[in-house]
Amino acid sequence: METTKKYNPETYKTPTGSQLNCKGWVQEAALRMLLNNLDPEVAERPEDLIVYGGRGKAARNFESLDLIIKALKDLEEDETLVVQSGKPVGILPTHKDAPKVLISNSQLVPNWANWKHFDELEKKGLMMYGQMTAGSWIYIGSQGIVQGTYETFSAIANKDFDGSLKGTLTVTAGLGGMGGAQPLAVTMNDGVCVVAEVEQWRIDKRIKTKYLDESIEDMDAAIDRALEAKKNQERVSIGVPCNAVHLLERLKERNVIPDVLTDQTSAHDPLIGYVPHQISLEESNVLREQDPDKYEELSYESMYRHVELMLELQKAGAITFDYGNNLRARAQEKGLKNAFDFPGFVPAYIRPLFCEGKGPFRWAALSGDLADIAETDRVIKELFPENESLMRWMDMAQERIAFQGLPSRICWLGQGEREKAGLAFNKLVKEGKVKAPIVIGRDHLDTGSVASPNRETEAMLDGSDAVADWPLLNALVNTAGGASWVSLHHGGGVGMGYSIHAGMVIVADGTDDAEKRLKRVLRNDPGMGVIRHADAGYDIATDTARKHKLDIKERLK
Ligand code: NAD
């Protein structure tokens, strides 16, 4: 049941420094990361407990949030807090190496797994949507996605434009928590980026946090500016306060064909996420409340038109791909037969990385001190000097990423590398080179933690796209290995009925126990991804499995 309490930045301020508010650092880490998820600098709408990705929340309601905070402060070293869709439901005896929190979000029995049924449960206060890192308390702001987005655009640059996006125009939409990373990723690859976004405040937020360069209200003026910048090989990003459909229609009318075309509006959620082009933003806010069925009807029509326009621009020469929001499926559900004629970004650009166990490894300095992240950056550069693209990323990140909330860092590390980094961070804590423990986690969009047939597992070599045993096994393996908190979600990224995925966070608190847990968890977690891809028949994964002794047949020889 909703309480009437409002978000108060003072009451819910993330503790920093080296003093504990809980009975141990693992519990303290969970408390700090939960509150960090809701920090107004980090979250999109903390007043509604919404962190990012449409309605991805950190706790079900304020009453649950208060109870979780209380429970974490009370939790003993040999106990585990159980959270059901954002509501704490029990504190159970376990042991010191067990996760301190176990979370399940938005799970529905498959035959009921759709937004309609979820909405009914949410209205009754029985569920919340956890997205991916929102409900598993390891969201770190737009930085969390920016390296992945950067890797995607650099893969496009390598594949189609001689290694750089210089002198090219990328058009996309959506400047939310994740989508906000797109313009920075394009300019990091030296290109020009135009982004349609219906809410001006989102454009302003991205400019403030250095993800976006300019805002131009008039659509034609924005297109002119972009064409001029493309001609001059300038590196610039421009936000346009308009609907994506209107921008694409105007581009088509003017026969301006983008070099690269994609989209990151919250199309995974036709009611709370996507804004239909037939009505104004103000009208959409009223209609959503007054007549949700009508709203969804308009939303689906709009997404049909949106994909139709993308297909037309693709035909005219734009390199077009789906950026993980399930837009193609929405258009197909409405009857657009060839909606899947452009590919998703994972099979097109990311899967080879997954085969090596690579994925969005991230960490945050619980002290809140920038110097601690600088120290971890130094360690990463020392550990992997031969990895040129990682070195380039670290330099750019240090120069161009503004922190949101607790200072944090992301970099895509693979099998073997994550374990090395985690152990090195634990050593930093042990030797007092940082002021407080380091918390390590990852996105659910990772090598072994997700089944999502329109995104991470689209077009698997053996057709196993919809097999969801893998994320379940991933969560079980991480629980057995002693991760600090483990979560199992449904519907993240692409919406209800379309995905099952697991989260994992582990704390490096400098102890010997943590060292043992880090060794297990940071080997097994990406290891499940390598095993999953090897099982599907990918040669790179088979080689990686052999090299890292993950191959069961080799083991049993
Ligand atoms: P968000 O809800 O924070 O932001 C979505 C933005 O789109 C909002 O700012 C909204 O105003 C805008 N918008 C909605 N409809 C629009 C329209 N028709 N025209 C222009 N703007 C419109 O969501 P987010 O966290 O940025 O995620 C965006 C989408 O990307 C989600 O569907 C999410 O699941 C998906 N996603 C993709 C990846 C990836 O790596 N590809 C990762 C995470 C999330």
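Just so you know, ligand 1 is whichever comes first in the structure, and atom 1 is the first atom listed for that ligand.
The aromatic rings of Phe321 and Phe153 sit perpendicular, their planes meeting at an angle over 60°, well past the 30° parallel limit. Relative orientation of the Trp137 and Trp485 rings is tilted, given thresholds of 30° and 60° on the angle between their planes. The aromatic rings of Tyr129 and Phe118 stand perpendicular to each other, their planes meeting at an angle above 60°, with 30° marking the opposite boundary.
Looking at Lys358, Glu356, Gln415 one by one, the single match for side chain to side chain contact (heavy atoms under 4.5 Å, CB included) with Val530 turns out to be Gln415.
For ligand 1, the atoms closer than 4.0 angstrom to any heavy atom of Gly176 are 1 (P), 3 (O), 4 (O), 6 (C), 9 (O), 26 (O). Residue Ile145 approaches ligand 1 through these ligand atoms, each under 4.0 Å from one of its heavy atoms: 40 (O), 42 (C). Of all the atoms in ligand 1, the ones that sit under 4.0 Å from a non-hydrogen atom of Val198 are 11 (O), 13 (N), 19 (N), 20 (C), 21 (N), 22 (C). Proximity to Gly324 (heavy-atom distance under 4.0 Å) selects the following atoms of ligand 1: 35 (C), 36 (N), 37 (C). Close approach of ligand 1 to Arg202 is summarised as follows: ligand atoms under 4.0 Å from at least one heavy atom of the residue are 3 (O), 8 (C), 9 (O). Under a 4.0 Å criterion applied to the non-hydrogen atoms of Cys242, ligand 1 contributes the atoms 20 (C). Listed by atom number, the atoms of ligand 1 under 4.0 Å from Gly273 heavy atoms are 14 (C), 15 (N). Of all atoms in ligand 1, numbered sequentially from 1 with element shown, those under 4.0 Å from a heavy atom of Gly493 are 32 (O), 33 (C), 34 (O).
At a 4.0 Å heavy-atom cut-off, ligand 1 does not touch Asp443 at all. Under 4.0 Å from ligand 1, not a single heavy atom of Met132 appears. The backbone of Ala196, and not its side chain, has at least one atom closer than 4.0 Å to an atom of ligand 1 (non-hydrogen atoms only; backbone = N, CA, C, O).
At least one N or O atom of Gly53, backbone or side chain, sits closer than 3.5 Å to an N or O atom of ligand 1. Of the N or O atoms in Ala244, one or more lie within a sub-3.5 Å distance of an N or O in ligand 1. Between His268 and ligand 1, at least one pair of N/O atoms sits closer than 3.5 Å. For a threshold of 3.5 Å applied to N or O pairs, the pair formed by Gly177 and ligand 1 contains at least one separation below that value. Below 3.5 Å of separation, one finds an N or O of Gly54 facing an N or O of ligand 1.
Summarising the geometry, atom CG belonging to Leu298 is positioned 6.0 Å from atom CG belonging to Leu287; distances are rounded to the nearest 0.5 Å.
Between Gln143 and Arg409 there is a side-chain heavy-atom pair separated by less than 4.5 Å. Counting only heavy atoms from C-beta outward, the side chains of Asp269 and Arg55 approach each other to under 4.5 Å.
Salt bridge annotation for Arg328-Asp263: absent, with no cationic side-chain nitrogen under 4.0 angstrom from a carboxylate oxygen.
Side chains of Asn61 and Ser64: a donor-acceptor N/O pair is present below 3.5 angstrom, by distance only.
Distance from atom 23 (O) of ligand 1 to its nearest protein heavy atom, with residue and atom name: Ser266 OG, 3.0 Å.
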